[in-house]
There are 2 protein chains.
Amino acid sequence: MAVQYIASCDGRVVSAKEIAEKYAISFEFVSKALQALMRRKFIASQQGATGGYIMLRDPKTLSVAEILEAVEGKQRLVECCGEGGAGACSMHGRCSIRTPLAIIQRRLDAVLQSMTVAQMAFPDENIEQYVVISQFTGSFETSFSN
Amino acid sequence: MAVQYIASCDGRVVSAKEIAEKYAISFEFVSKALQALMRRKFIASQQGATGGYIMLRDPKTLSVAEILEAVEGKQRLVECCGEGGAGACSMHGRCSIRTPLAIIQRRLDAVLQSMTVAQMAFPDENIEQYVVISQFTGSFETSFSN
DNA sequence: GGATTCAGGACTAGAAAAGTCGTATATTTG
DNA sequence: CAAATATACGACTTTTCTAGTCCTGAATCC
């Protein structure tokens, strides 16, 4: 929500306090998330009395996957379904479902990569792209509003 | 792994002890999961000295989504992205990303529904179906082996 | 210099998950 | 029938993760 809000402010410097008040969550909690996003260079911070945060990455190419990984770390179905995690698992050698799980993991990642900050912040401008992607799910959705 | 194994035994009654030994996990832990699957009628249990478990549902139509929901409960990105969960959330009224999150949730569910027990237990027999689905991810995978 | 803001480590509390234990019940076999 | 083997399931413990807080410090603006 914070990233979506910063993106929607389009160039304005937004303080963590403002975001915390808007969404009624604690200032410290928002700050922690924003600091993680800053470390990944998704947003830039400006210190001082009129400081705050501003978008650094283009919302059209910043995906939900990247935000989740920055804030919560890389989440996996099981520890071995990542890059070179074959030996990392305690079931190594006995597991018979590593390949199918890795395939599912790749598809899940693709889903999280398919939604961008721009689509969340400016839904009206992205209807065409949205319809194309939704063909996978089997259902055709034509509206996109909050 | 347990369901995949029972499915691969194709009609034979398989005991929890056998599964626990095969995968080197505790008997009680396997039992707990199998009991959850029994309650959902995915497998049937047979008590007594030669007892065990047997498939009840067709592996070709039993999805990973159903197994995960049975064993670990319905997992969601956030509590409100389910059926009629609109008011369930503490952010109700302030949240601005409910719709996009619900869309992502639906796509994630679709991924978990796209992999069946049969595809995990008998990979060689399901190559065609597998290729069709993977078109969504953008990558074309032609092999499927454990 | 004082007010405001970010930076970030340390800490706490609570929930969830993993895993265990004990007891009851059903079934087969000798 | 009795012993052996299996499931059924609630209760319990332990561990791990996450949400959220607290505090100190540094940068910037007025």
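Since we're looking at a predicted model, the values are computed, not measured. Numbers restart at 1 for each chain; the letters A, B, ... are given by sequence-line order, proteins then strands.
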Spacing of A:Ser31 atom OG and A:Lys17 atom NZ [to the nearest 0.5 Å]: 12.0 Å

Spatial distance of atom CD1 (A:Ile103) from atom CD1 (A:Ile97) [nearest 0.5 Å]: 12.0 Å

Partner residues of B:Arg12 under the salt bridge (charged side-chain N to carboxylate O under 4.0 Å, His left out) criterion, sequence neighbours left out: B:Glu18

Any A:Ser45 side-chain nitrogen or oxygen under 4.0 Å from OP1 or OP2 of C:dA7: yes

A:Arg39 side-chain N/O to C:dG8 phosphate OP1/OP2 under 4.0 Å: yes

Selection residues 108-118 of chain B - residue pairs positive for salt bridge (Lys or Arg N to Asp or Glu O under 4.0 Å), sequence neighbours left out: none

Taking atom [atom2] of [N] as reference, at what distance in whole Å does atom [atom1] of [X] sit?
{"X": "B:Phe29", "N": "C:dT20", "atom1": "CZ", "atom2": "C1'", "value": "11 Å"}
{"X": "B:Ile6", "N": "D:dA6", "atom1": "CD1", "atom2": "C1'", "value": "14 Å"}
{"X": "A:Met91", "N": "C:dA18", "atom1": "CE", "atom2": "P", "value": "13 Å"}
{"X": "A:Ile54", "N": "C:dC6", "atom1": "CD1", "atom2": "P", "value": "13 Å"}
{"X": "A:Glu28", "N": "C:dT4", "atom1": "CD", "atom2": "P", "value": "16 Å"}
{"X": "B:Arg76", "N": "C:dA16", "atom1": "CZ", "atom2": "C1'", "value": "17 Å"}

Kindly write out the residues that satisfy side chain to side chain contact (heavy atoms under 4.5 Å, CB included) with [X], not counting sequence neighbours, or none if the list is empty.
{"X": "B:Glu69", "result": "B:Arg40, B:Lys74"}
{"X": "B:Arg94", "result": "A:Ala24, B:Met91"}
{"X": "A:Ala65", "result": "A:Ser63, A:Leu112, A:Gln113"}
{"X": "B:Leu77", "result": "B:Cys81, B:Leu101, B:Ile104, B:Gln105, B:Leu108"}

Nucleic acid contacts of residues 11-26 of chain B, taken as heavy-atom distances under 4.0 Å to DNA chain D: B:Ser15, B:Ala16, B:Lys17

Sub-4.0 Å heavy-atom contacts from residues 62-73 of chain B onto DNA chain D, ordered by number: none

Letter per nucleotide, 5' to 3', of nucleotides 23-30 of chain C [B base touched, S only sugar-phosphate touched, - untouched; heavy atoms, 4.0 Å]: ---BBB--

For residues 48-58 of chain A, tabulate all N or O donor-acceptor pairs below 3.5 Å that involve a side-chain atom, not counting sequence neighbours.
unit_1  : atom_1 : unit_2  : atom_2 : d
A:Arg57 : NH1    : A:Glu66 : OE2    : 3.2
A:Arg57 : NH2    : A:Thr61 : O      : 3.1
A:Arg57 : NH2    : A:Glu66 : OE1    : 2.9
A:Arg57 : NH2    : A:Glu66 : OE2    : 3.4
A:Asp58 : OD1    : A:Lys60 : N      : 2.9

Beyond-backbone contact of A:Gln75 with A:Leu68, side-chain heavy atoms, under 4.5 angstrom: no

Derivation of the side chain to side chain contact (heavy atoms under 4.5 Å, CB included) call for A:Arg39 and A:Gln35: CA-CA 6 Å; A:Arg39 271 176 230 123; A:Gln35 282 164 29; 3.8 Å; yes

N/O to N/O distances under 3.5 Å, protein versus nucleotides 10-14 of chain C:
unit_1 : atom_1 : unit_2  : atom_2 : d
C:dA10 : N6     : A:Lys32 : NZ     : 3.1

